[in-house]
Structure formats: C-alpha cells, structure tokens
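Have a look at the structure below, then the notes.
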Protein chains: 2
Amino acid sequence: MAQFTIKDLARKLGVSPSTVSRALHDHPDISEDTKRRVVAAAEKYHYQPNLIAQSLQKKSSTTIGVIVPEIRHHFFSTVISGIEEVAYEAGYIIMVCQSNETLAREIVNTQALVANRVAGLLVAISTETTRYDHLKSVLKRGVPLVQFDRVVEELETSKVVIDDYSAAYEAVMHLVRSGYRRIGHLAGQEGIALNRHRFEGYRAALADSGLAFEEKFLVPGGYREEDGRRGAEVYLAMDELPDAILAINDPVAVGAFSRFREAGVRIPEDVALVGFSDTPAAALIEPALTTVYQPAFEMGRTAATLLLEQFVTEGRFTPRTVTLDTELLVRGSSRPKGAAWA
Amino acid sequence: MAQFTIKDLARKLGVSPSTVSRALHDHPDISEDTKRRVVAAAEKYHYQPNLIAQSLQKKSSTTIGVIVPEIRHHFFSTVISGIEEVAYEAGYIIMVCQSNETLAREIVNTQALVANRVAGLLVAISTETTRYDHLKSVLKRGVPLVQFDRVVEELETSKVVIDDYSAAYEAVMHLVRSGYRRIGHLAGQEGIALNRHRFEGYRAALADSGLAFEEKFLVPGGYREEDGRRGAEVYLAMDELPDAILAINDPVAVGAFSRFREAGVRIPEDVALVGFSDTPAAALIEPALTTVYQPAFEMGRTAATLLLEQFVTEGRFTPRTVTLDTELLVRGSSRPKGAAWA
DNA sequence: ATCTTTTTCGGAAACGTTTGCGGTGTCGTT
DNA sequence: AACGACACCGCAAACGTTTCCGAAAAAGAT
C-alpha cells in the first residue's frame with residue numbers, strides 16, 4: 001500500500017539509504033558486491049524510484065511539455081507522435097496540452113507546465129496568440145523552449161519550420177506551368193507568420209509569372225474544413241471563378257472541394273486545387289488532391305531533438321532554426337489544363 | 001534564475017513559510033489581512049508554486065497518464081483530445097505515451113508513468129498485449145486505472161467501450177437488407193476482445209439471416225491500410241469474390257478500397273464495403289464509405305470522467321463499464337444491390 | 001483582575017531522493 | 001612500525017511543500 005522507498009530497502013539490507021542510492025546509480029564508491037546485493041533486493045521488492053522526489057532534489061524533471069492548438073488534428077497528432085518517439089528514446093516522457101486555439105488557455109497551459117517543472121517546452125502557438133508574455137516569461141525563467149510549425153519569429157528560441165514561402169511559391173509555379181492563370185488563395189489569418197509566408201510565396205510566384213494579383217481572389221479564413229466551404233462560397237458568388245486555388249491547408253482544400261462539387265463545379269476542369277498536407281484524406285478523394293507534403297513526424301522528431309540538445313549545452317547556447325524540406329505531391333486536382341482524364 | 005520559493009516569499013513578508021502556505025490555500029486560521037498581503041506579494045514576485053514539491057509531500061500528483069498504441073492514429077488522437085479536455089477542466093494535466101503496438105514498450109511506459117506517480121492511468125492496450133502483469137501491478141499499487149477501447153475484460157477496472165458485437169451485427173444486417181449475400185470479413189487479430197466481438201456480431205448476423213459462414217471469406221490481419229490492401233489481395237486470388245466486406249476499421253477498408261480499385265473491381269457494384277470509423281477520410285472517398293461511427297472524443301471524455309470519479313471515491317469503489325452508442329453511417333459504398341448510381 | 005476561549009501564527013517534521021564531506025578499515029610502501 | 005593511499009560507506013543537509021502541534025496574543029466571560 002504505502003510506498004516502498006529507498007529507506008525500506010536500506011533497512012532490509014542493513015546499509016544506509018545513501019549506499020542504496022549510490023548502488024542503484026552505479027557509483028564507483030560502492031563495491032561490486034553490495035551493488036549486486038542492492039540491485040537484487042530492489043528487484044525482489046519491486047522497488048520503483050520516486051521520480052517526484054528525484055526531480056525535487058535534482059531541481060529538474062524528466063518530462064517535457066508540449067502545447068499544440070488541437071491534439072486531434074492529424075498534423076499535430078503526428079508531430080506529437082514524433083516528439084514522443086525521441087522523448088521516449090531519451091528517457092523523457094511528455095505532458096501534452098491543447099490550447100483549443102485560444103490565447104487564454106495557452107497561457108494557463110504554459111503556467112501549468114512550468115509549475116510542473118518540465119525540463120523544457122515544445123510549443124505551436126494558437127491563432128489568437130499575438131502577445132507573447134507567457135512565452136517570454138518561460139524564457140526568463142530559463143526553461144528551454146523550442147517552437148515548431150506555428151512560430152513567433154521575434155522570440156529568440158530554436159524553431160523548426162518548413163519553408164512556407166518556397167513551398168507556396170513552387171505550388172503556384174506548378175499551377176502556372178499546368179496552364180492555370182487566374183489563381184486564387186484561400187489564406188489563413190494574417191497575423192500568423194506561417195500564413196503570411198505562404199501568401200508572400202503565392203504572390204511572388206504570380207509576379208514572377210507575369211500574372212496580376214487579384215485582390216478579390218484572396219480570401220482569408222481559418223484552418224478547418226468549414227473555412228474551406230465558406231471560402232468556396234465566396235468564390236461561387238463571383239461573376240467568374242478563379243481557375244485554380246491554393247489553399248492554406250488540406251482541410252480547407254477538402255472543404256472547398258466538397259462545396260464546389262455540390263455546386264457542380266468540376267475539379268480540376270473548372271477549378272484546380274492545391275493544399276498543404278495536413279491529412280491523409282487528400283490522397284483518397286477523387287481526383288486526388290495535389291498537396292505540399294509537410295514532414296509532420298519528422299518535425300516532431302527534430303523539435304524534440306533540438307530541445308534535448310539544449311538540455312546538455314549548459315550556459316551559452318544559440319538558438320537554431322531548422323527548415324524541413326517539403327515536397328509537392330502532384331495529383332489529379334491540378335492536372336494540366338485541358339489534359340484528358342487519366 | 002534560482003527558483004522563487006515560498007520561503008523567499010515568507011522572508012519578504014516577515015512571516016513564516018507555514019503562514020504563506022496557509023494563506024495561499026485560504027486556510028481559516030489566517031487573518032484576512034495577511035491573506036491579502038501574501039496574495040499580493042505572490043502576485044508581485046511572480047511566485048509559482050512548485051507542483052513537484054507539492055506532489056512529493058501530498059504523495060499524489062495532479063497528472064494522469066495515458067497510454068495508447070499510436071498517438072498519430074486519428075481515433076486515438078481524438079480520444080486523447082477528449083481526455084485532455086476533461087483533465088484540463090479538472091486541473092489535471094496528461095502524460096501521454098505510445099506503445100507502438102508492442103508489449104515491451106507498453107510495459108516500460110506504465111512503469112515510467114507509475115514512477116512519475118501519476119494520480120491515475122488511462123490505457124488502451126497494444127495488439128501484442130496478452131499478458132497483463134504490468135497492469136495488475138498497477139492495480140496492486142492502488143493506482144486507479146481505467147481502460148478504453150482496447151480493453152482486457154478479465155481485469156477489474158472501469159472500462160469504456162462500444163458495443164462491438166451489436167455494431168458489427170447491425171452493419172452486416174444492413175448489408176443483408178441491401179441485398180448482399182456473400183459477406184466477407186477483414187478481421188483483426190483474434191486475441192483482442194474487440195476484434196472477437198466484432199467477428200461474433202458478424203457471424204451472428206449471418207446466422208440470423210440464414211446465410212452460411214464461409215471460412216475463406218474471413219481474412220484476419222492488422223489495423224492499418226496496408227493490412228486492408230493485403231486482405232483485398234487475398235480476396236482477389238479467389239475464384240469468386242465476396243459481394244460485400246465488413247472491415248475491422250476504416251483504414252483497412254480504405255486499403256482494400258484502393259487495392260480493389262486498382263484491380264478494376266467496382267465499389268459497390270462488385271463488392272460493397274463497410275468500415276469502422278477511425279478516420280474522416282471515409283466520407284471523402286468516392287463512393288463514400290459506409291461506416292460504424294465511434295464516438296472517439298466522447299470516449300476520451302468519459303474515460304477521464306470515470307477516472308476522476310474514482311479519485312474521490314476513497315476506499316470502496318466498484319468498477320463501472322460504460323458502453324457508448326455507435327451509429328451506422330450508411331453511404332455509397334454499400335448502396336443497395338442493383339440500385340442506380342446516385 | 002483572573003481565567004477560558006478564540007484567533008492567528010510559528011517551529012519542526014515529513015514526503016523520498018541525492019550528495020558533499022568525513023570516517024572507518026585495509027593494504028602496500030618505506 | 002608507521003604512514004599515506006585507497007576503497008567503501010554513513011551522516012546529515014537539502015530540494016519546496018504541507019500540516020500537526022503548540023504558543024502567543026487578543027477577546028470574551030466571570
């Protein structure tokens with residue numbers, strides 16, 4: 001019932017608690033013989049070290065905190081999977097919180113994780129997050145922090161991102177090469193760096209192709225399927241549809257996709273579609289969605305790795321930002337204009 | 001840099017640490033006046049209680065552990081989302097581990113969580129898990145445990161599940177009513193209770209419909225898309241295909257779906273398909289997949305709620321198992337035999 | 001004015017570890 | 001024979017809280 005502690009073990013063996021502790025940690029001051037006895041006894045009595053006590057004394061825990069907008073989203077759960085993977089290998093365990101895209105909850109979450117004395121923090125900010133006091137305070141406390149995906153650039157932390165600008169640029173270039181000319185963009189909120197970068201890549205590609213940027217074809221929204229549907233709605237109300245659309249992510253693309261289909265708009269004959277890979281569903285719709293593949297799992301792995309590195313670099317440490325490669329997966333939804341059905 | 005503790009606060013205020021602690025917890029022994037002073041000072045110096053120390057002294061933490069086969073799977077990440085939701089509301093934070101479907105890692109995970117002195121444990125076992133010593137040991141230590149989805153029935157814990165038997169039964173009945181007669185089953189491993197129940201529901205529905213159970217149409221496999229593809233392969237090698245298939249879950253159904261399509265087999269004209277809802281992709285394929293909807297988010301919520309309830313019921317407590325309702329979402333992939341295209 | 005009650009607080013131990021420091025005992029060297 | 005070196009281990013403090021047990025001061029009762 002009550003906990004079996006190191007003291008109990010010591011009593012059973014007739015040695016001191018310090019000896020037990022040292023034996024368990026393979027300290028050189030302890031003879032091989034007693035080490036064996038201690039380990040054997042620990043085994044026998046199912047001794048389980050109390051990590052809480054250990055953390056208190058060491059002033060640092062063996063858990064790392066993770067904050068994401070929503071756990072259930074495919075992209076983030078994949079990232080978390082990656083994080084857990086390397087955390088596990090390194091003997092850490094992860095505490096996961098979701099902000100539900102609200103700043104208030106994100107703040108509560110960071111406080112809770114700090115209160116739990118996590119060794120470090122991995123965060124992707126919410127869409128509402130335009131003030132960063134909570135993150136700055138984490139930094140000031142000296143808690144290692146690395147941002148991923150949704151990062152705030154002016155914060156001096158390690159970051160892992162994709163090259164949103166180039167990815168969007170390439171996606172649009174692909175559309176242009178495929179014969180599309182009136183290319184719209186289902187964008188995200190302007191505040192988020194990621195969204196801005198994708199927009200800028202989109203715009204630059206238009207410019208570099210000698211195409212005009214049409215304000216009305218830029219329709220901002222959120223990250224979810226319903227936002228895509230709403231966006232499609234906006235396009236449908238226009239005199240003339242764009243002939244291609246770059247969506248801020250897959251759910252939005254899929255939402256637009258189904259709304260368009262309902263309206264009898266053919267993909268890609270009437271309008272081509274390109275997304276950013278948040279979901280495996282993209283490959284299954286008909287025609288399959290052309291999409292920018294984002295290495296979510298790998299993003300989680302590297303973010304965690306960066307954090308672990310920061311743990312060991314005592315004292316002076318310089319933030320690194322690693323940019324992961326994306327890949328444009330060309331599929332049916334952006335078939336060259338006028339091409340026959342596959 | 002160094003931590004600002006309750007002692008520091010006490011020193012600043014010229015009172016004892018005990019007084020500060022009591023003031024912060026609104027203890028009646030403390031005058032309103034000093035309470036105000038303490039709270040104000042705590043605010044001023046950004047005092048953050050050390051939950052680690054608190055846990056050590058209280059001998060119980062405010063974190064709950066979660067173990068799932070794989071975080072990245074849509075079903076489980078949705079469950080986790082639900083868990084986090086109610087945990088958050090109750091002031092708990094969750095530690096999440098994945099077993100990667102291996103028993104070894106599941107064992108390590110439970111030990112790590114116990115070592116971290118979680119207040120309770122929420123687990124869905126791996127496919128490999130046929131011995132339960134690690135879970136029994138958790139129980140013996142008196143750590144509250146509730147199982148969800150993949151449960152081991154002989155363990156005396158609260159459980160939250162769906163009625164797999166009935167769900168499979170209804171799904172097959174639906175197929176029969178739609179005119180299908182040679183109904184196959186892409187099953188999971190036999191060891192898992194959940195798989196067995198679905199199989200039994202399937203078999204009972206056949207029997208009650210006066211249809212013969214054909215051994216060869218039962219093809220066991222795993223939970224992933226590739227298992228579905230492999231299963232389709234098996235069917236394709238037969239002289240005669242089944243005219244409908246109940247898949248153990250959506251990924252498997254989707255896998256079979258795409259393999260069949262590659263082989264020129266039409267869905268549902270040549271073979272109808274029904275899945276168990278693990279993924280949103282089911283609604284997007286063409287034709288859309290008929291599937292048994294499982295309330296994953298709700299499952300997470302109730303599992304966490306059950307655990308929280310168990311926290312307060314000191315002493316005598318009787319395990320409850322709650323069965324969540326499913327719903328058969330009838331879509332194109334099981335269109336009545338011979339019916340025209342929508 | 002003394003005694004009892006109440007209010008308000010402090011001392012100290014405890015939760016389970018780790019670790020600096022010091023203390024034995026043994027052995028080899030001179 | 002004496003001394004240093006070394007191997008091995010125990011004491012006690014510390015990590016930041018909470019809480020039992022009193023104790024002092026204030027208030028009320030007689």
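Computed from a predicted model, the values in this text were never measured in an experiment. The chains referred to below are lettered A, B, ... by the order of the sequence lines, with proteins before strands, and numbering in each begins at 1.
Legend: residues meeting salt bridge (charged side-chain N to carboxylate O under 4.0 Å, His left out) with A/E85, ordered by chain and number and at least two apart, are B/R105. Partners of B/E156 by salt bridge (charged side-chain N to carboxylate O under 4.0 Å, His left out), not counting sequence neighbours: none found.
Distance, A/E32 CD to D/dC9 C1': 15 Å, rounded to whole Å. Straight-line distance from the CD1 atom of B/I30 to the P atom of D/dA26: 16 Å, rounded to whole Å.
Ring centroids of B/F75 and B/Y223 are separated by 6.0 Å or more, keeping the two rings apart.
At a cut-off of 3.5 Å, with distance as the only test, a side-chain donor of A/S81 or B/Q98 sits close to an acceptor on the other residue. Using modelled atom types, one finds a donor on one side chain and an acceptor on the other under 3.5 Å when comparing A/T127 with A/E101.
Within the 4.0 angstrom heavy-atom criterion, only backbone atoms of the sugar-phosphate kind lie near A/T34; the bases stay farther away.
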Notebook entry, point to check: Which nucleotides of nucleotides 12-25 of chain D have their base under 4.0 Å from a protein heavy atom (B), which only their sugar-phosphate (S), and which neither (-), written as one string 5' to 3'?
Noted result: B-BBBBBBB-----
